[in-house]
Amino acid sequence: MTITFITGANKGLGRETARRLIEHGHTVLVGARDRERGEETAAALGARHVPIDVTDDASVAAAAANVAAREGRIDVLINNAGVHGPVGDPGDLTAADAFAVLDVNVLGVVRTTTAFLPLLRRSADPVVINVSSGMGSLALTHDPDRPESHVIAPLYTSSKAALTMLTTQYAKGLDGIRVNAADPGYTATDLNGHSGPQTVTEGTDAIVALATEEPGAGTGRFVSRHGEIAWS
């Protein structure tokens, strides 16, 4: 039985990923900061809620200890928790604004990955999936035919560019663990006021594909629902 831990799993892409992976036979651990929503989601899907705030070292450590005591390992870690931050004119951005976004979207991934590595190393086929975005791509945000080029979200885009590069470095440096990034595409979620044209099911295609690959699949990739993409 594949055991999968998902951060930010109480709504949106995280919840839909959990639902779909349960259908694939995974044992899913719903990581969520909001205890009530996390427990409601877990009960509705047939999963188990594990409290986690990816911005808090103690919370992340407690979540890893919780899983170590109950399941003993994980096979797939999906770093999904994310925030958007300010949009529009970047002239008023502050360091506090930047830290608030990076603390979840990048530092949260570092905290969680480090804390869960011992549990991943107990798996026969450990996998880490970082939910990144084409919004962090220079090529896509400069292509006028792409929706990514029409949004000014300086901190979100910067954080996702950092996350994709972090993914490639993990892939090179973590022997025996497949580490890949997923681009959900422009999906209707709370993150964008449900303005995206894709459904959450379409938005989770790449994540689910990476989580259900056969052992020996590639590492260090950036994948959308349309296939592997070159990140630049």
Side-chain angles (χ1 to χ4, degrees), residues 1-10 13-32 38 41-42 45-52 54 57 59-81 108-132 163-184 201 204-225 227-229 231:
M1 181 72 72
T2 301
I3 302 172
T4 299
F5 187 92
I6 308 171
T7 65
N10 64 288
L13 293 172
R15 181 184 176 120
E16 180 65 3
T17 298
R19 185 191 69 79
R20 294 182 67 184
L21 290 179
I22 288 168
E23 287 187 345
H24 278 276
H26 287 215
T27 294
V28 171
L29 305 175
V30 170
T41 297
L45 298 181
R48 185 170 83 82
H49 171 236
V50 178
I52 184 170
V54 301
D57 290 344
S59 175
V60 174
N66 179 310
V67 176
R70 291 284 296 272
E71 285 77 22
R73 75 168 203 280
I74 61 169
D75 302 290
V76 181
L77 171 63
I78 302 177
N79 287 307
N80 168 74
V109 172
V110 173
R111 289 187 188 95
T112 305
T113 303
T114 298
F116 279 80
L117 271 177
L119 296 171
L120 283 163
R121 294 195 186 281
R122 296 174 189 172
S123 171
D125 182 38
V127 174
V128 176
I129 301 165
N130 294 326
V131 180
S132 189
L163 179 57
T164 304
M165 181 55 72
L166 182 66
T167 300
T168 68
Q169 293 297 296
Y170 275 143
K172 291 179 180 181
L174 294 177
D175 291 338
I177 300 178
R178 283 187 282 129
V179 187
N180 293 294
D183 173 18
T201 301
T204 55
D205 281 348
I207 305 168
V208 171
L210 288 170
T212 56
E213 289 181 317
E214 294 297 320
T219 190
R221 294 169 294 154
F222 189 30
V223 178
S224 76
R225 65 188 298 254
E228 189 170 345
I229 57 178
W231 175 72

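When a residue number appears, it is its place in the shown sequence, counting from 1.
By the side chain to side chain contact (heavy atoms under 4.5 Å, CB included) test, N80 pairs with I6, T7, L13, I78, V131, sequence neighbours left out. Contacts of R73 classified as salt bridge (charged side-chain N to carboxylate O under 4.0 Å, His left out), with partners at least two apart in sequence or in another chain: D75. Remark: T2 engages no residue in a side-chain hydrogen bond (donor to acceptor under 3.5 Å, both in side chains) (not counting sequence neighbours). Residues that satisfy the salt bridge (charged side-chain N to carboxylate O under 4.0 Å, His left out) test with R111, not counting sequence neighbours, are D57, D103. Applying the side-chain hydrogen bond (donor to acceptor under 3.5 Å, both in side chains) test to T113 and every residue at least two apart in sequence or in another chain returns N79. Scored by the side chain to side chain contact (heavy atoms under 4.5 Å, CB included) test, A209 finds no partners at all (sequence neighbours excluded). Shown here are the side-chain hydrogen bond (donor to acceptor under 3.5 Å, both in side chains) partners of S224, two or more places apart in sequence or in another chain: there are none.
For the atom pair CG of D183 and CD1 of I229, the computed distance is 5.0 Å after rounding to the nearest 0.5 Å. The distance from the CZ atom of F116 to the CG atom of L77 is 7.0 Å, given to the nearest 0.5 Å. Note: N180 CG to L210 CG = 5.0 Å, rounded to the nearest 0.5 Å. Taking CZ from R70 and CD1 from I3, the interatomic distance works out to 11.0 Å, rounded to the nearest 0.5 Å.
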(Q) Working note: E16 + I207, criterion side chain to side chain contact (heavy atoms under 4.5 Å, CB included); need CA distance, chi angles, decisive distance, verdict. (A) CA-CA 10 Å; E16 180 65 3; I207 305 168; over 6 Å; no
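The two residues G176 and P126 have their closest heavy-atom pair at O-CG, 3.3 Å. Closest approach of A115 and A64 over heavy atoms only: O-CB, 3.6 Å. Residues I177 and T219 come closest through the heavy atom pair O-OG1, 3.8 Å. Across all their heavy atoms, S132 and T164 have their closest contact at OG-OG1, 2.6 Å. Across all their heavy atoms, V30 and A9 have their closest contact at CG1-CB, 3.7 Å.
Listed by first then second residue, pairs satisfying side-chain hydrogen bond (donor to acceptor under 3.5 Å, both in side chains) with a partner in residues 167-176 read N130-T167, not counting sequence neighbours. Among residues at least two apart or in separate chains, salt bridge (charged side-chain N to carboxylate O under 4.0 Å, His left out) pairs with a member in residues 119-128 are D125-R178.
Residues L174 and L120 are not in side-chain contact: their nearest non-hydrogen atoms beyond the backbone lie 4.5 Å or more apart. L119 places none of its side-chain heavy atoms less than 4.5 Å from the side chain of E71.
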Give every donor-acceptor pair under 3.5 Å between a side-chain atom in residues 20-28 and any protein atom, sequence neighbours left out.
from	atom 1	to	atom 2	distance (Å)
R20	NH1	T201	O	2.8
R20	NH1	T204	OG1	2.9
R20	NH1	D205	OD1	2.8
R20	NH2	D205	OD1	3.2
E23	OE2	R19	NH1	2.9
H26	ND1	T4	OG1	2.7

